[in-house]
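What you are looking at is a predicted structure, and each value in this text was computed from that prediction instead of being measured.
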Amino acid sequence: MCISEICSQRSDLTFKYNISESRHGWLRLTPAYSVKLVRDILAQYEPGLGIFDPFSGTATTTLVASELGYTACSCDINPFLVWLGNVKLANYSADIVKDLLTAGNVIEENITGIDLVSPPPISFIERWWSEKNLWYLCAIKAGIEKYTDRDHVYNLLLIAFCRLVIELSNASFSHQSVSFKKKNDIDIQLTLWGDGEDTLKGKFMNNVCSVVDSVKYNPLSFGKVFIDDSRYLTTIQDRQFDLVITSPPYPNRMSYIRELRPYMFWLGYLSNSTQAGKIDWEAIGGTWGIATSRLNDWCPTEKLYLTQTLQKTLKAIRTSGTKSGDVMSKYVDRYFHDMYLHFKAIYRVMKSSGKIHYIIGNSKFYDTMVSAELIYGELLELTGFRNICTNIIRKRNSKKELFEFEVTASK
């Protein structure tokens, strides 16, 4: 079956992510300054502490802490991010690296004539990848499934494949909505690559080599990512931590899952857009697909979280005179309701001398500023934390009133 025929059978999706790297190795879906920020926070504390990140994301906190010799763990509600974090945190021997290079070469050398895997069920997939690039991705994925066992080498090959997925993409994510290269730009790209069957050859191995460069930086201590809901923390409820360093989703309507969907579809974590919307609804701050439509029926399970600042903010958004004022007010309401549940769960798993560091950004809905840092402080006080302090970290690359803050507190 050719790509054109396979592409006629699909459902829907939108996507992103540009995977970058830090000097210490490993794939980062976060800016380098985030790595430095975690290192700077840890520099304030002595070795031997137990570190926890309840919003693992790409496991930056857990990886940096493990690289520095701390005992660290994190959790996330997204199974793809749990997998990614644990691949990053594993230790890899010289034999594994050798087997990885061998497997990558075997896949590249046997790419022609292989039975292709079907492309993921992405609506209008031809916008995301040209027909040639899509053929190459389907062939490489088929090679990974055919030539390797489901072990460390298999996982590292999938990381290299994820890099390739974005490298060959026509999508752009410079703003909240996804855009695509113009048709003639794609044609030029195809012309530069030519029509020979081996013109893409080597691109996968380039990414395998980049992964090899990263895996030589093995963490000094053990770290792990668990799947868990940060509002309840049932998986680690019997553990006690000295220090929390985390950056939750901001209350800004950015989809929790938006930038991860291409990987999750290609790797089989999603098979339709409804599943993506369900994960976004379950995550704090999620707004994609069914997550937005369900807001109208949402009701809080708690009341204490409605601080004076939050009530004033919600009223201002709701009475803004805009068409979406009501639903946006509910979005902000649910966000801080869920964060209140989270702070209560965090309090339960902290040692009596424990300290927390939350990196959070404020946001703006219409003309109403949502001062997340102030509301965080109020919610932390309600849940029993003390010595609450807020500091501006940096100006964000958006509206002039938007900043990132570090909110700290002690149990």
Side-chain angles (χ1 to χ4, degrees), residues 16-76 78 80-92 155-156 159-160 162-163 166 173 207 209-226 230 241-250 254 256 259-260 263 355-361 391-398 402-408:
K16 164 186 180 185
Y17 237 133
N18 192 10
I19 304 184
S20 57
E21 293 167 75
S22 79
R23 187 175 66 84
H24 294 279
W26 267 123
L27 303 176
R28 306 286 189 187
L29 300 175
T30 50
Y33 89 89
S34 297
V35 177
K36 181 180 184 303
L37 183 59
V38 174
R39 294 179 68 89
D40 289 346
I41 292 173
L42 287 172
Q44 305 170 33
Y45 296 94
E46 59 188 32
L49 299 180
I51 314 297
F52 179 52
D53 181 354
F55 297 94
S56 183
T58 56
T60 299
T61 293
T62 310
L63 181 61
V64 172
S66 298
E67 286 175 344
L68 295 174
Y70 291 89
T71 300
C73 70
S74 54
C75 71
D76 204 280
N78 187 321
F80 168 77
L81 289 175
V82 173
W83 169 81
L84 175 64
N86 284 321
V87 173
K88 290 167 65 174
L89 288 162
N91 281 276
Y92 298 102
N155 285 330
L156 293 173
I159 295 289
C162 285
R163 294 171 57 98
I166 296 305
F173 298 89
N207 285 294
C209 290
S210 293
V211 172
V212 167
D213 288 340
S214 294
V215 299
K216 25 186 210 189
Y217 298 97
N218 282 326
L220 295 176
S221 64
F222 176 77
K224 186 171 179 61
V225 185
F226 299 93
S230 61
F241 300 96
D242 300 289
L243 185 62
V244 165
I245 304 174
T246 192
S247 182
Y250 298 176
M254 286 294 291
Y256 173 85
E259 300 177 344
L260 301 173
Y263 310 123
K355 193 160 184 179
I356 61 174
H357 293 255
Y358 279 71
I359 310 304
I360 185 64
N391 297 301
I392 294 176
I393 295 177
R394 67 166 188 145
K395 174 76 180 69
R396 284 154 64 194
N397 297 324
S398 50
L402 300 187
F403 294 86
E404 278 180 341
F405 302 84
E406 180 186 26
V407 180
T408 62

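- The CD1 atom of Ile392 sits 11.5 Å away from atom CD of Glu404, with the distance rounded to the nearest 0.5 Å.
- For the residue pair Val82 and Val225, the shortest heavy atom distance occurs at CG1-O, 3.6 Å.
- What you find for Pro219 and Leu89 is that their closest heavy atoms are CG-O, 3.5 Å.
- Checked against salt bridge (charged side-chain N to carboxylate O under 4.0 Å, His left out), Glu406 has no partners two or more places apart in sequence or in another chain.
- Shown here are the side-chain hydrogen bond (donor to acceptor under 3.5 Å, both in side chains) partners of Asn207, two or more places apart in sequence or in another chain: Arg163, Glu167.
- Taking OG of Ser74 as the start and CG of Leu63 as the end, the distance is 10.0 Å to the nearest 0.5 Å.
- Residues satisfying the side chain to side chain contact (heavy atoms under 4.5 Å, CB included) criterion with Phe222, sequence neighbours excluded, are Lys224.
- Every residue two or more places apart in sequence or in another chain was checked for a side-chain hydrogen bond (donor to acceptor under 3.5 Å, both in side chains) with Asn86, and none qualifies.
- When atom types are taken as modelled, the side chain of Ser247 and the backbone of Ile359 share a donor-acceptor pair closer than 3.5 angstrom.
- Between Leu243 atom CG and Glu46 atom CD the span is 11.0 Å, to the nearest 0.5 Å.
- Under the side-chain hydrogen bond (donor to acceptor under 3.5 Å, both in side chains) criterion, Asn391 pairs with no residue, sequence neighbours left out.
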Checklist entry - Can you list the steps and then say if Thr60 with Val35 is a side-chain contact (heavy atoms from CB on, under 4.5 Å)? => result CA-CA 7 Å; Thr60 299; Val35 177; 4.0 Å; yes
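- Atom CG of residue Asn218 and atom OH of residue Tyr92 lie 8.5 Å apart, to the nearest 0.5 angstrom.
- Every residue was checked against the side-chain hydrogen bond (donor to acceptor under 3.5 Å, both in side chains) condition with Ser66, not counting sequence neighbours, and none meets it.
- Under the ring pair (Phe, Tyr, Trp, His ring centres under 6.0 Å) criterion, Tyr45 pairs with His357, not counting sequence neighbours.
- When the side chain to side chain contact (heavy atoms under 4.5 Å, CB included) test is applied to Asp242, the partners found at least two apart in sequence or on another chain are Leu49, Lys351.
- Scanning both residues, Arg39 and Val64, for their nearest heavy atoms gives CG-CG1, 3.4 Å.
- Separation of atoms OG1 (Thr62) and NZ (Lys88) is listed at 9.0 Å; rounding is to 0.5 Å.
- For Ile356, the side chain to side chain contact (heavy atoms under 4.5 Å, CB included) partners are Val244, Ile346, Met350, Tyr358, Leu380, Phe385, Ala409, not counting sequence neighbours.
- Not counting sequence neighbours, Leu220 has no partner by the side chain to side chain contact (heavy atoms under 4.5 Å, CB included) test.
- Interatomic distance, CG of Leu260 versus CG of Leu84, reported as 8.5 Å (0.5 Å rounding).
- Residue Ala65 comes nearest to Ser221 through the heavy atom pair O-OG, 4.4 Å, listed as atom of the first residue, atom of the second, then distance.
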Item to check | Verdict with reasoning, Ile159 to Trp83, per side-chain contact (heavy atoms from CB on, under 4.5 Å) | outcome: CA-CA 10 Å; Ile159 295 289; Trp83 169 81; 3.7 Å; yes
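- Between Phe55 and Asp76, the shortest heavy-atom contact is C-OD2, 4.2 Å.
- Contact detail for Cys73 and Phe226: the closest heavy-atom pair is CB-CE1, 3.9 Å.
- Here the rule is side-chain contact (heavy atoms from CB on, under 4.5 Å) with Ile41, and of Ile245, Ile51, Thr408 only Ile245 fits it.
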